[in-house]
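Residue numbers run from 1 in the order of the sequence given.
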Amino acid sequence: MSTALATIICLIGIAGLFFLDRGEKPRISRALVLPAVWMFLNTTHPLSFWLGMSPAPGVGMAQAYLDGSPFDRNVSIFLQLAALIVLLKSTSVGPILRRNPLLLMYYSFCLLSILWSDFPFVTFKRWIKALGDVEMVLIIVADSQPFAALRCILTRLGFFLFPLSILFIRYYPDIGRRPTNSGTMEPVGIAQQKNELGIMCMIYGVFFLWMLLSVYCDRMHPGRWRRMLAFGTIIAMSTYLLSQCNSTTSIVGFAASAGVLWLAGRPSVRPTLVQLAVLAVLGVSVTALFFDPGGGMVQSLGKDPTLTGRRDIWNMVLGMHTNPLIGAGFESFWLGSRLQFMLNALVNLPINEAHNGWIEVYLNLGWTGVCFIALLVVTGYKRIISHIRRDPEKKACLFLGFLICALFYSFSEAGFRFGTSSWFFLLLIIIGAGQTASLADNRGPGRRGPGGIASEGEPEYAMQVASLPSGWASEMN
């Protein structure tokens with residue numbers, strides 16, 4: 001098949017997915033285009049890549065990491081300023097932030113790390129850009145119908161990302177494939193490398209699985225079968241792409257997340273059993289990665305026992321002896337002499353991360369940063385479990401699936417780094433689930449109306465809804 005014909009078929013297929021998902025949609029804010037564009041660029045390539053703008057000639061790898069792209073920096077600034085304008089007009093942002101003091105403390109500590117960073121100006125610039133993830137999450141959560149907003153963004157992005165990834169891999173190898181260190185070509189689809197393709201398949205695969213199960217269980221859902229066909233098609237594409245990129249972490253993570261999501265969604269399953277399942281899948285993974293010296297458990301999955309050199313990288317970066325309490329400074333470790341040392345030690349292999357989320361945080365922010373991340377993960381998890389207990393439809397299990405995806409990805413990649421899909425969804429879990437937990441905790445003893453909306457017997461709850469983004473609570477319930 002020619003490239004032109006394949007492209008036309010792909011575009012028709014994308015249009016077909018939107019046609020299958022047609023129907024009455026809730027009215028949502030136009031401002032959601034900002035987080036949608038932000039998520040697209042974080043999932044794929046910077047805008048300069050899509051515009052064919054090549055980096056400046058003669059710039060070394062270490063210098064490129066230090067300076068970044070001026071064009072992409074300006075794009076980021078524009079999106080963040082536009083997001084700030086939207087948030088300043090919202091009355092919901094203040095209460096949302098006040099319910100997340102731990103997150104504010106973490107970002108404050110990241111800013112404070114400028115004082116001991118070797119590159120304070122670069123650290124400050126990266127901290128400003130890191131605020132963009134929070135801004136975009138706040139736009140979604142502060143929307144009048146936040147869950148509908150999230151569903152709209154993820155559905156539309158998924159309808160584009162997956163067909164285009166398959167098209168690029170098969171017919172546009174200059175975009176969809178990347179040379180490896182061994183001289184072979186690895187499929188990356190619309191992402192920058194295969195592990196980023198893997199996290200995309202994990203997170204969106206879990207989302208569309210949840211959508212499929214939700215529509216299947218709702219016998220009165222309009223257009224039930226055509227929507228199931230659209231969502232099932234994306235799940236099939238996700239499975240195909242996972243098999244192509246051969247990312248063991250993503251494959252196991254998707255299977256574990258899907259299993260826990262399905263279990264948590266069962267009406268007769270108690271939250272205690274869900275928690276045991278979460279502990280089991282994460283416990284086995286941690287044991288295989290860090291407490292199995294021979295690598296037998298990893299080898300049983302067909303994976304290199306050294307995790308494709310990751311264990312060597314971990315030993316090397318930990319051997320550089322950064323400050324164990326406060327690290328090298330926010331996003332400062334992979335700069336200057338430290339980056340050059342790693343490039344020389346690995347024969348100039350392109351590396352700018354520790355390939356482990358926890359180690360990456362330790363290198364930049366020390367044990368203090370690791371404790372902050374651990375507390376944020378625990379906070380998000382507690383909020384999800386709290387909402388699952390109060391939610392007969394158990395829609396909060398979607399957030400649980402997202403959380404497991406983020407944790408699995410962080411075992412082998414820098415998943416807690418700003419600008420990554422896993423960090424964005426972790427923020428979404430912490431902030432979004434906090435809204436539902438807050439409403440549930442403040443619910444009075446009165447009756448519950450249809451869909452979890454307060455009835456006339458719940459005046460106190462109605463007052464709470466007036467001061468919070470009620471759309472999230474009504475849809476999540």
Side-chain angles (χ1 to χ4, degrees), residues 42 93 96-120 122-138 141 278 282 286 290 314 317-318 320-335 353-386 399-400 402-435 437-438:
N42 283 350
V93 175
I96 292 173
L97 292 177
R98 285 193 292 271
R99 289 182 184 86
N100 292 277
L102 185 62
L103 192 61
L104 297 179
M105 291 172 61
Y106 172 67
Y107 271 85
S108 299
F109 176 68
C110 293
L111 177 61
L112 185 65
S113 70
I114 291 174
L115 299 177
W116 60 84
S117 170
D118 296 336
F119 300 86
V122 176
T123 299
F124 179 69
K125 289 193 300 182
R126 293 185 174 184
W127 182 82
I128 292 294
K129 185 175 181 180
L131 292 179
D133 290 324
V134 180
E135 290 179 277
M136 301 307 165
V137 168
L138 287 174
V141 176
V278 172
L282 294 179
V286 170
F290 304 107
W314 299 342
V317 295
L318 292 174
M320 297 180 73
H321 303 297
T322 55
N323 189 306
L325 183 62
I326 56 177
F330 177 70
E331 290 294 321
S332 295
F333 179 83
W334 297 96
L335 294 173
E353 63 165 270
H355 287 282
N356 179 282
W358 301 98
I359 295 177
E360 185 73 23
V361 172
Y362 171 79
L363 296 173
N364 287 296
L365 298 171
W367 283 111
T368 304
V370 171
C371 290
F372 267 118
I373 294 296
L375 289 173
L376 287 171
V377 170
V378 170
T379 298
Y381 177 72
K382 288 178 62 178
R383 288 173 172 178
I384 292 170
I385 294 299
S386 174
F399 278 179
L400 185 58
F402 287 159
L403 179 61
I404 295 175
C405 286
L407 292 177
F408 260 92
Y409 185 72
S410 297
F411 288 147
S412 60
E413 302 297 326
F416 303 129
R417 205 174 190 179
F418 81 92
T420 61
S421 297
S422 57
W423 177 245
F424 185 92
F425 277 88
L426 183 59
L427 289 175
L428 183 66
I429 292 163
I430 295 166
I431 298 174
Q435 293 308 106
S438 175

message: Determine whether F119 and W127 satisfy the following criterion, ring pair (Phe, Tyr, Trp, His ring centres under 6.0 Å), listing intermediate values before the conclusion.
response: CA-CA 12 Å; F119 300 86; W127 182 82; over 10 Å; no
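- Side chain of S422 to main chain of G415: a donor-acceptor pair is present (N/O by atom type, distance under 3.5 Å, no hydrogens or angles).
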- request: May I have the step-by-step check of side chain to side chain contact (heavy atoms under 4.5 Å, CB included) for T379 and L103, ending in yes or no?
  value: CA-CA 10 Å; T379 298; L103 192 61; over 6 Å; no
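- Rounding to the nearest 0.5 angstrom, the gap separating the CG atom in L282 from the CD1 atom in I404 is 6.0 Å.
- Under the 3.5 Å distance criterion, the side-chain polar atoms of S386 are left unmatched by any main-chain donor or acceptor of K382.
- Around CZ of F124, the count of heavy atoms belonging to other residues, nucleotides or ligands within 6.0 Å does not exceed 12.
- Going from atom CG of L407 over to atom CG of L426 covers 7.5 Å, rounded to the nearest 0.5 Å.
- Of all heavy-atom pairs between G329 and S117, the closest is CA-CB, 4.3 Å.
- Not counting sequence neighbours, the partners of L104 by the side-chain contact (heavy atoms from CB on, under 4.5 Å) test are L97.
- Listed by first and then second residue, the side chain to side chain donor-acceptor pair (under 3.5 Å) pairs that reach into residues 101-111 are Y107-W423, sequence neighbours excluded.
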Hey, can you pull the donor-acceptor pairs under 3.5 Å for the side chains in residues 359-369, sequence neighbours left out?
from : atom 1 : to   : atom 2 : distance (Å)
E360 : OE1    : W334 : NE1    : 3.3
E360 : OE1    : A354 : N      : 2.7
E360 : OE2    : W334 : NE1    : 3.1
E360 : OE2    : N364 : ND2    : 3.4
N364 : OD1    : E331 : N      : 3.4
N364 : OD1    : S332 : N      : 3.0
N364 : OD1    : F333 : N      : 3.0
N364 : ND2    : E360 : O      : 3.0
T368 : OG1    : L325 : O      : 2.8

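- The six-membered or imidazole ring of W358 lies near that of F416, with a centre-to-centre distance under 6.0 Å.
- Scanning both residues, I430 and R383, for their nearest heavy atoms gives O-NH1, 2.5 Å.
- Between the CG atom in L403 and the CD1 atom in I429 there is a gap of 4.5 Å [rounded to 0.5 Å].
- Of the inter-residue distances, the one linking F330 atom CZ with T123 atom OG1 reads 8.5 Å to the nearest 0.5 angstrom.
- Rounding to the nearest 0.5 Å places CZ of F425 at 11.5 Å from CG of D133.
- We find the CD-CG distance between E135 and L427 to be 12.0 Å, quoted to the nearest 0.5 Å.
- The closest donor-acceptor contact from the side chain of N356 to the backbone of F411 lies under 3.5 Å.
- When every heavy atom of P101 is checked against every heavy atom of R98, the shortest pair comes out as CD-O, 3.6 Å.
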